[in-house]
Amino acid sequence: MSINTVEYFIREVIHSLRRNNWMSVASIGTVAVSLFIFGMFLMLVMNMNKMVDAMESQVQIMVYLEDDFSRDDARDLEVDLKKMQGVEKVTFVPKEEAMEKFKERLGDQKTLLDALDETNPLPDSFEVMVLQPEMVKTAAENIEKFEGVNSAKYGQDVMEHLFDITRLIRIFGFALMMVLALATLFIISNTIRLTVFARRKEIAIMKYVGATDWFIRWPFVLEGIVMGFLGSLIASVVLRLTYSGITAKIYDTLAFFPLIPEEPFLNYVTMIVVIGGMIMGAIGSTVSIKRFLKV
Amino acid sequence: MIHMNDVMKVYDNGAIALNHINVDIKKGEFVFLVGPSGAGKSTFIKMLFREVLPSSGILTVNGRDIIHMSNKDVPYLRRSLGVIFQDYRLLPDKTVYENIAFAMQVIEAPRRMMQRNVNNVLDIVGLRDKYKCFPNQLSGGEQQRVAIARAIVNNPAIVIADEPTGNLDPETSWGIMDIFKNINASGTTIVMATHDKTIVDAMQKRVIAIEHGEIVRDEARGGYGYEH
């Protein structure tokens with residue numbers, strides 16, 4: 001492709017964007033909104049994944065004992081637990097201590113416990129740390145077989161819920177993204193169709209004098225790509241600001257919440273959004289010009 | 001240059017536009033295509049630059065097999081042809097110069113060639129001093145001359161004209177025919193569909209008459225042969 005031709009293409013694109021300025025602005029806006037929503041879902045799903053990972057990497061097992069299990073027996077059990085393969089640390093938590101912790105967690109609402117009349121329904125328990133996250137499941141299953149052990153929990157319930165939620169968000173997000181992508185394609189292809197229609201005579205003449213289809217197509221495809229690019233830039237900027245805002249808010253209240261740090265995460269998201277926008281622009285314009293090339 | 005052997009064209013609705021056409025047009029010939037409206041002249045013309053595809057037979061233009069050529073070769077066929085229409089088909093927002101240069105631009109001709117060729121064809125059609133004008137500032141005859149300049153700027157082997165004088169008064173038409181004569185004299189083959197009896201009778205060139213999709217007359221030095 002000669003410099004002369006590239007120059008011609010660029011002139012055509014600028015000319016055309018100017019000629020349909022309102023439609024162009026509308027298309028760019030639609031692309032921006034769609035890609036913003038797409039980006040939000042992307043970031044949400046990725047953060048959920050990260051949270052699941054964080055849960056999965058936990059090495060703690062809570063071992064709750066039977067009510068009638070004596071403290072002496074518990075001490076023996078502690079020795080047995082410490083002997084288990086892969087166990088790093090075992091801490092005994094007497095029921096009194098568990099109650100104190102529970103009260104702390106309730107804070108202002110600890111008066112609720114008055115109804116218990118000083119009885120303590122909480123069991124004695126052990127906090128067992130294993131060496132590697134993969135060992136948690138087997139270790140918990142083995143611990144449950146010990147006498148006096150009521151149950152051994154390792155956050156599996158929480159994790160299963162998280163899986164459910166992420167799956168829902170993924171499905172819903174995917175469906176929404178498809179709808180938005182189609183809407184964006186439709187808007188872009190309509191804008192380009194207007195341009196193409198306004199220039200159908202020019203296209204016919206180009207065909208008569210022997211321009212190749214690709215030569216005719218390129219300016220329109222470029223126009224679509226430029227619109228997609230501009231829309232995705234706007235979406236990226238807003239996404240970055242939104243994510244920074246949200247992470248700052250969350251860190252204020254929940255300092256240890258496992259969010260993905262802004263850098264380089266936001267760069268990846270921006271890249272995906274920009275490339276996505278350009279691809280949508282290219283497809284949208286290619287679809288709409290096809291019909292007009294038949295001369 | 002142009003070879004048709006038993007060419008048929010049947011449109012989708014079953015109408016037979018051309019029926020068993022056999023024609024040979026040699027390099028440098030000047031051929032008039034005459035006949036009543038709807039006889040098949042337009043179909044004949046459009047097949048030459050493959051806007052219409054023949055239904056059967058053999059058709060070669062400038063050595064290219066029109067029927068079996070792939071779509072992506074069509075642009076290259078058209079670069080060897082210059083096409084002129086009754087309604088000029090100029091781009092209103094481009095100047096005379098730009099309209100002509102456009103034909104070179106879109107086939108990616110080198111820029112240094114562009115200026116030389118455009119000036120050259122502007123001289124041939126006698127519009128050198130109007131190169132900055134827009135089409136709406138020109139008369140019909142001048143607009144058609146721009147269209148001719150655009151058709152020949154890429155040095156085509158064949159010029160195909162569909163009723164080029166159809167919208168012009170007799171005097172202007174003669175100016176256009178003079179240009180065609182000059183182009184033909186330089187060795188370019190010309191195929192021109194027309195209703196202009198005076199021109200055909202006066203030029204004494206080869207005349208092919210088509211009626212009801214069939215060639216009814218093919219004379220080396222003929223007249224129009226119809227009354228208006």
Side-chain angles (χ1 to χ4, degrees), chain A residues 1-24 191-224 282 285-295, chain B residues 45-46 48-53 62 64 70-85 87-94 98-115 117 135 146-147 149-162:
Chain A
M1 209 181 282
S2 69
I3 292 179
N4 197 3
T5 301
V6 172
E7 225 182 278
Y8 165 82
F9 286 161
I10 293 171
R11 259 205 323 272
E12 290 298 302
V13 171
I14 294 172
H15 190 63
S16 172
L17 283 174
R18 277 214 192 119
R19 177 156 34 188
N20 302 317
N21 49 359
W22 277 112
M23 275 308 288
S24 305
T191 310
I192 299 286
R193 200 192 307 275
L194 280 184
T195 319
V196 174
F197 187 75
R199 298 174 51 191
R200 62 195 184 284
K201 282 184 181 161
E202 206 168 318
I203 292 173
I205 292 169
M206 288 164 97
K207 296 279 296 183
Y208 284 134
V209 299
T212 58
D213 283 357
W214 268 110
F215 184 91
I216 298 171
R217 215 179 270 138
W218 260 115
F220 298 108
V221 175
L222 277 180
E223 189 181 341
S285 49
T286 310
V287 168
S288 60
I289 189 177
K290 212 171 162 191
R291 197 159 55 88
F292 288 90
L293 283 174
K294 286 185 186 137
V295 178
Chain B
I45 291 271
K46 282 176 181 166
L48 299 180
F49 50 91
R50 205 171 183 269
E51 186 171 337
V52 169
L53 197 61
N62 216 3
R64 288 171 192 269
S70 85
N71 281 330
K72 70 174 177 21
D73 289 330
V74 174
Y76 303 97
L77 162 78
R78 291 182 180 171
R79 288 175 194 191
S80 69
L81 310 173
V83 189
I84 296 155
F85 302 94
D87 55 359
Y88 326 131
R89 302 197 187 175
L90 302 176
L91 295 170
D93 57 346
K94 284 183 159 54
E98 288 165 346
N99 261 289
I100 300 167
F102 184 69
M104 296 189 76
Q105 176 92 66
V106 301
I107 64 166
E108 302 181 68
R111 185 178 298 195
R112 61 195 145 68
M113 246 174 80
M114 209 178 286
Q115 198 170 3
N117 284 24
V146 178
R150 182 181 63 195
I152 62 174
V153 74
N154 290 321
N155 297 312
I158 306 170
V159 167
I160 299 160
D162 195 0

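To find a chain, count down the sequence lines: A is the first, B the second, and so on, and within it residues start at 1. The structure displayed is predicted, hence computed values, not measured ones. Every heavy atom of this structure was used, including side-chain atoms; hydrogens, water molecules and symmetry mates were not.
The NE2 atom of His15(A) sits 5.5 Å away from atom CG of Asp93(B), with the distance rounded to the nearest 0.5 Å. Here the CD atom belonging to Gln105(B) is positioned 8.5 Å from the CE atom belonging to Met206(A), to the nearest 0.5 angstrom. Once rounded to the nearest 0.5 Å, the distance linking NZ of Lys72(B) with CH2 of Trp214(A) reads 15.0 Å. Between the OG1 atom of Thr5(A) and the CD1 atom of Ile107(B) there is a distance of 10.5 Å, given to the nearest 0.5 Å.
Within the 4.5 angstrom heavy-atom criterion, no atom of Ala151(B) approaches chain A. Residue contact with chain A, scored on non-hydrogen atoms closer than 4.5 Å, involves the side chain of Met114(B) exclusively.
Just one residue in the list Leu91(B), Leu90(B), Val83(B) forms a side-chain contact (heavy atoms from CB on, under 4.5 Å) with Ile205(A), and that residue is Leu91(B).
Using a 30° and 60° split on the angle between ring planes, Tyr208(A) and Phe85(B) fall in the tilted class, from 30° to 60°.
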For this session: Show the numbers, then the answer: is there a side chain to side chain contact (heavy atoms under 4.5 Å, CB included) between Tyr8(A) and Glu108(B)?
Result: CA-CA 10 Å; Tyr8(A) 165 82; Glu108(B) 302 181 68; over 6 Å; no

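Taking 4.5 Å as the limit, some side-chain heavy atom of Thr212(A) sits within range of a side-chain heavy atom of Arg79(B).
Although no hydrogens or angles enter the test, the distance criterion places no donor-acceptor pair under 3.5 Å between the side chain of Arg89(B) and the main chain of Lys201(A).
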